[in-house]
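Numbers for residues simply follow the sequence, beginning at 1. Because the structure is predicted, anything quoted here is derived from the model rather than measured. Quick note: numbers below take in every heavy atom, side chains included, and nothing from hydrogens, waters or symmetry partners. Counting starts at 1 for both ligands and their atoms, following the listed order.
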Amino acid sequence: MAEYTDPHDDRAAEEMPELSDGDDDADDDQWQWMEEGNQPVTCLFCDRLLSSVAATLQHCTAEHQVNLADVIRKHRLDDYGYIKMINFIRSTKCSSSCLSGLPDGPLPWESEDFLRPVLQDDPLLQTDPEELCSGEGTCSSTCPSSRAEPHDVLLHKAQAAEERARCSEEALARAMEDLHKLKLLAQGLVLNAETSKPSNLGTVAELREDEDEAYFSSYGHYGIHEEMLKDKVRTESYRDFMYSNPEVFRDKVVLDVGCGTGILSMFAARAGAKKVLAVDQSEIIYQAMDIIRSNQLEDKITLIKGRIEDIKLPVEKVDIIVSEWMGYFLLFESMMDSVLYARDLYLADGGSVYPDVCSISLAAVGDKLKHQDRIAFWDDVFGFNMACMKKAVVPEAVVEVVRADTLISEPTVIQTFDCNSVCLSELEFTSTFCLKITNSTDCTAIVGYFDIFFDKGCSNKVMFSTGPQVTKTHWKQTVFLLERPVSVQAGEELQGKISVRKNKKDPRSLLVTIDLRDRKQTYSLQ
Ligand code: SAH
């Protein structure tokens, strides 16, 4: 396509090509030229028709001594200013010298009237003035084949957009957290005002202390302990582990981190422990004192009120640490941090932490009805579109029981911890996963749960699962809804990536990011 190859050949290359009836090649060229969408452009200052915007710019510079890019830059024209200038020149037929000799002050094309095109489909009006200044406009007009953006440019743009979307999602999750905090703070202020306590609006550390206070006071009420004790899967597993492995406990010194009502301490004492130290910061420990006395175990069990991080144990080392520290999706609540603190400070060489192994698993869920009820619901609420609410609903992970018949993949373990060796930093992690799909349908959510093992040195190993396939526990499961369901085929392997980290603003809550089929969503668990 000769007419595009030499942009410096002002006349021969830039004027409209002659059509020749008998010349097939020229015909082809002409068709291609038209198909690729280059429209002829009328010069701004004379009647000449030029083959492209680029050719017109060069022609204006060479023939009329007006460099449009310079004019745009000089007057700092935005899109509207540029459009008005083009229409002004065309409508007033002003000369090129009038343009170069403009006095300081308002521009002659300020009026909104100049937004109206003078020429229909004027290609100069379809040109971005910024591109025109940076020279990109010249290229895209000169090389019609480059009008369609190259694949790698598009890919780059898509990646940048995806990154922006990811950042926005994270910002949204953080904003939701902030809102939640503000709500709590406001509630606190109102309560304080009511009881005329001094305001608690203070440092972040004070806020943290208040949060911890709220955390421990939630364990002060009997209700939460009743729920845990009645969770047979949980409590019987601890009992069976201790009663069926007396050799592990015989004559040992045991530390119970977060003893609550004292149930695990009493199991340990009955299993043969020489001494049990039971620590809890919450007020429930006063009930535990009565309970231990009522069961004549006060000689064996010593109760200590306080945070494990703040108190000093009456012994230097312990042989065994037992604790029931697990939260939703295993790590919510971050109580594991306190167990690791106790392990590193008090566990004797060769001692053991129980439970010793825990794993987190994921599975794919296909539950269109639930998805309809939680997500599509917002599309039409009494005839009103409330779809914007989905952006608030989706990022909150849901703790609920998932029906086993809605699972559409085999489960896969994404992380395993050995409580005897794991370190604090490993509790935040990123894993890739692969879900073997068992049903051809839409995947509407990912479900997460954990399994717990009492293994080390046990002749009778015990485990329990909080998964959807077995008896439900008070931890239920944690559901991460997908805003848009993903269509999957039986036999397919659905690949993904998950990252779990503490929410810096509230370390007891978690931020979970799931990356599935190039869609990323951050969920908060609170
Ligand atoms: N062991 C009991 C209670 C488990 S609930 C049972 O199995 O039924 C967890 C308990 O740990 C709560 O009572 C809470 O107050 C306590 N706890 C959490 N973090 C603690 C810490 N850092 N120091 C002391 N107690 C803690």
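A side-chain N or O of S265 and one of D256 form a donor-acceptor pair less than 3.5 Å apart. Counting only N and O atoms by type, the side chains of T432 and Q495 include no donor and acceptor under 3.5 Å apart.
Atom 2 (C) of ligand 1 has C259 O, 3.3 Å as its closest protein atom, hydrogens excluded (heavy atom only). Among all non-hydrogen protein atoms, the one lying nearest atom 25 (N) of ligand 1 is Q281 N, 3.4 Å. Closest to atom 23 (N) of ligand 1, if we only count protein heavy atoms, is I308 N, 3.0 Å.
One distance of note links OH of Y523 with CD1 of I498; it measures 9.5 Å at 0.5 Å rounding. Interatomic distance, F332 CZ to K502 NZ, rounded to the nearest 0.5 Å: 13.0 Å.
Screening F267, Y243, F241 for a ring-ring contact (aromatic ring centres under 6.0 Å, His included) involving F249 leaves a single residue, F241.
Proximity of I263 to ligand 1, defined as any heavy-atom pair under 4.0 Å, is confined to the side chain (atoms from C-beta onward). Heavy atoms of Y215 found under 4.0 angstrom from ligand 1 belong exclusively to the side chain. Looking at E324 against ligand 1, both its backbone and its side chain come within 4.0 Å, counting heavy atoms. Counting heavy atoms under 4.0 Å from ligand 1, residue R234 touches it through the side chain alone. The part of F216 lying near ligand 1 is the side chain, judged by heavy-atom distances below 4.0 Å. At a heavy-atom distance under 4.0 Å, only side-chain atoms of L264, from C-beta outward, approach ligand 1. The residue S323 has no part lying near ligand 1, judged by heavy-atom distances below 4.0 Å.
Using a 4.0 Å cut-off between charged side-chain N and carboxylate O, K274 and D319 make no salt bridge. Taking the charged nitrogens against the carboxylate oxygens, K317 and D349 have no contact shorter than 4.0 Å, which rules out a salt bridge. Under the 4.0 Å criterion applied to side-chain N and carboxylate O atoms, E400 and K370 are assigned as salt-bridge partners.
Taking the centre of each ring, Y238 and Y354 stay at or above the 6.0 Å mark. Aromatic ring centres of F329 and F480: separated by under 6.0 Å.
For ligand 1 and E309, the ligand atoms under 4.0 Å from any heavy atom of the residue are 22 (N). Contact atoms of ligand 1 toward H225: 13 (O) (distance under 4.0 Å to a heavy atom of the residue). Counting atoms of ligand 1 from 1 in the listed order, those under 4.0 Å from a heavy atom of S338 are 22 (N). The atoms of ligand 1 that sit less than 4.0 Å from any heavy atom of G306 are 23 (N), 24 (C).
In this structure, S265 falls outside the shell of residues with a heavy atom less than 4.0 angstrom from ligand 1.
Taking the six-membered ring where the residue is Trp, F429 and F417 present perpendicular rings, their angle passing 60° and hence far from 30°.
In terms of polar-atom proximity, defined here as any N/O pair under 3.5 Å, G258 does make such a contact with ligand 1. Considering backbone and side-chain atoms alike, D280 places an N or O below 3.5 Å from some N or O of ligand 1. For R307, no nitrogen or oxygen atom sits less than 3.5 Å from a nitrogen or oxygen atom of ligand 1, counting backbone and side chain alike.
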